[in-house]
Amino acid sequence: MTGDEAGEETSTAQMSMVAASALRFDDFFVANQQEMVRALALALGDAELGRDAASEGFCRALERWKKVGRYEKPAGWVYRAGLNWATSRRRKKRREAVGDVPEQSSPAIAPSDQELVRCLRQLSIAHRSVIVSRYYLDWSEAQTAAALDIPQGTVKSRLSRALEQLATMLETP
């Protein structure tokens with residue numbers, strides 16, 4: 001075998017690995033995209049921002065897919081990346097603009113759930129993100145902790161406080 005042939009075989013093998021990796025990302029994206037958009041829209045309280053955050057999270061995951069694809073819960077990584085991006089974007093907008101960003105209702109939320117969504121919007125993003133992870137995405141405390149990069153005890157305490165606040169808000173007419 002000549003040096004050129006060996007180089008071509010290596011190049012072909014590398015291209016096959018890249019194609020296989022991209023295919024796995026495609027499968028991951030298709031399986032998780034809609035749920036991630038809904039989860040981020042709910043956690044952020046804004047449907048458009050949720051879509052943008054999910055897109056940004058998936059783009060960042062694709063850039064790092066060799067590493068992220070090996071995680072036990074790559075969707076958790078995408079969720080956290082989307083939350084981080086949205087938080088940074090909101091801070092930047094707040095510095096640039098005067099006034100509040102109007103609240104939007106998510107098309108993924110049924111009208112009968114609007115009272116719950118209204119109450120969720122009153123929670124901090126830190127509390128909402130734990131509620132959404134545990135109850136909407138049905139992640140364990142350990143998976144939620146890993147996705148949000150916080151200790152499991154913090155997940156428990158945030159969840160407890162958020163549920164207390166929600167209960168109080170939902171009881172009040």
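Considering only heavy atoms from C-beta on, Phe29 stays 4.5 Å or farther from Leu62 through its side chain. Leu148 is not listed as a side-chain neighbour of Trp139, based on a closest heavy-atom distance of 4.5 Å or more. Put simply, the side chain of Leu137 does not reach to within 4.5 Å of the side chain of Gln143, judged on heavy atoms. Within the 4.5 Å cutoff, no side-chain heavy atoms of Val78 are placed close to those of Asn32. Taking 4.5 Å as the limit, some side-chain heavy atom of Leu44 sits within range of a side-chain heavy atom of Leu83. Side-chain atoms of Val132 and Leu40, non-hydrogen and from C-beta on, never get closer than 4.5 Å to each other. Counting heavy atoms from C-beta outward, Leu123 and Met169 have side chains that approach closer than 4.5 Å. Residues Tyr79 and Lys73 form no side-chain contact, since every pair of their non-hydrogen atoms from C-beta on lies 4.5 Å or further apart.
Considering CG of Leu120 and CD1 of Ile131, their distance stands at 7.0 Å, rounded to 0.5 Å. Separation of atoms CZ (Arg64) and CZ (Arg70) is listed at 14.0 Å; rounding is to 0.5 Å. How far CG of Leu49 is from CD of Glu56: 11.0 Å, rounded to the nearest 0.5 Å. Remark: Glu63 CD to Phe25 CZ distance equals 10.0 Å, nearest 0.5 Å. Atom CG of Leu159 and atom OG1 of Thr144 lie 8.5 Å apart (nearest 0.5 Å). Separation of atoms CD (Gln33) and CG (Asp26) is listed at 12.5 Å; rounding is to 0.5 Å.
Counted within 6.0 Å of CD on Gln122, heavy atoms from surrounding residues, nucleotides or ligands total more than 12; the atom is thus considered enclosed. Atom CZ of Arg161 has 12 or fewer heavy atoms from other residues, nucleotides or ligands within 6.0 Å.
The shortest non-hydrogen separation linking Val155 to Val130 is O-CG1, 3.8 Å. Residues Gly57 and Ala81 come closest through the heavy atom pair CA-CB, 4.1 Å. The minimum heavy-atom distance linking Arg121 with Arg128 is given by the pair O-NH1, 3.1 Å. Met36 and Ala75 make their closest contact through CE-O, 3.5 Å (heavy atoms, listed as atom of the first residue, atom of the second, distance). Closest of all the heavy-atom pairs between Glu35 and Tyr136 is O-CE2, 3.8 Å. Closest approach of Ser129 to Ala43, counting heavy atoms only: CA-CB, 4.2 Å.
Under the 4.5 Å side-chain heavy-atom criterion for Ile, Leu, Val, Met, Phe, Trp and Tyr, Val37 and Phe58 are members of distinct hydrophobic clusters.
Glu115 and Arg118 are joined by a salt bridge, as a carboxylate oxygen and a charged side-chain nitrogen come within less than 4.0 angstrom of each other.
Using modelled atom types, no side-chain atom of Ser160 and backbone atom of Lys156 make a donor-acceptor pair closer than 3.5 Å.
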